Amino acid sequence: MRRFLVTAAVLATAFGLAPATASADFSAAATTCDGVKRISIGNNYIRQPVHTGGAGRNCQLAYGDSGSAVTALQQALRLCNQKANISADGDFGDLTRKALAYAQYKAGVDDDGIYGPVTRGALGWPAYNGNGFTGACAKDV
């Protein structure tokens with residue numbers, strides 16, 4: 001009986017019939033975030049990772065990535081999500097992965113240390129205005 005259930009689960013996954021879970025971050029985001037988008041919220045704005053080639057905010061970041069998208073994620077982790085003690089240096093290294101996994105865990109999503117659409121919606125994002133960080137955090141819009 002157990003062998004049947006395992007086989008059924010494997011086949012269901014292979015044919016796309018398995019139920020969706022919060023771990024859809026990796027599979028739902030096929031492209032790497034390579035830029036940052038400024039999103040207005042009233043008189044303020046948040047900065048979120050994007051893929052500039054057309055995927056928009058449905059992109060992913062993982063260990064080894066670098067650039068402005070990683071910096072925006074690191075700022076969010078530092079300022080709004082468990083006040084992670086990481087530098088916003090634009091390099092997605094082990095400390096960023098661990099800080100992200102912890103923020104994911106605290107937010108109740110799959111804590112795989114990979115940034116994607118599910119994680120984007122679960123994190124808080126620093127709100128900025130013309131003078132810089134306002135001290136407030138906003139959820140994804």
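Remember, predicted model here, so these are calculated numbers, not experimental data. Basis for what follows: all heavy atoms, side chains included, without hydrogens, waters or symmetry-related copies.
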Do you know which two heavy atoms are closest between [X] and [Y], and how far apart they sit?
X	Y	result
G35	S68	CA-OG, 3.7 Å
H51	T32	CD2-O, 3.0 Å
A69	P49	O-CG, 3.5 Å
N43	N129	O-CB, 4.3 Å

Any side-chain heavy-atom pair of [X] and [Y] under 4.5 Å:
X	Y	answer
L100	F92	yes
Q48	I39	yes
I86	L77	yes
R57	D140	yes

Review point. For T71 and D89, what are the C-alpha separation, side-chain angles and deciding distance, and is it a side chain to side chain contact (heavy atoms under 4.5 Å, CB included)?
Key: CA-CA 6 Å; T71 302; D89 60 6; over 6 Å; no

Under 3.5 Å, is there a donor-acceptor pair between the side chain of [X] and the main chain of [Y]?
X	Y	value
N44	I41	no
K139	A122	yes
Q74	G90	yes
Q104	G113	yes
D91	G93	no
W125	R120	yes
R78	N85	no
D34	T52	yes
S40	G42	no

Please check if atom [atom1] in [X] has more than 12 non-hydrogen atoms from other residues, nucleotides or ligands closer than 6.0 Å.
X	atom1	result
K98	NZ	no
Y105	OH	no
D94	CG	yes

Practice item. Taking the six-membered ring for Trp and the full ring for Phe, Tyr or His, determine whether the centres of Y45 and Y128 are under 6.0 Å apart. Key: yes

Check your understanding: Applying the side chain to side chain contact (heavy atoms under 4.5 Å, CB included) test to C33, which of N58, V50, V70, L61 qualifies?
Key -> L61

Point to revise | Residue pairs, two or more places apart or on separate chains, that pass disulfide (SG to SG under 2.5 Å) and touch residues 104-141 | key: C80-C137

Exercise for review: Quick one: pull up OG in S87 and CD in Q75 and give me the separation to the nearest 0.5 Å.
Suggested key: 9.5 Å

Check your understanding: Rounded to the nearest 0.5 Å, what separation is found between the CG atom of D65 and the CD1 atom of I114?
Key -> 10.0 Å

Check your understanding: Would K106 and D111 pass as an ion pair if we require N to O under 4.0 Å?
Key -> no

Review point. L73, Y102: one ILVMFWY side-chain cluster at the under-4.5 Å cut-off?
Key: no

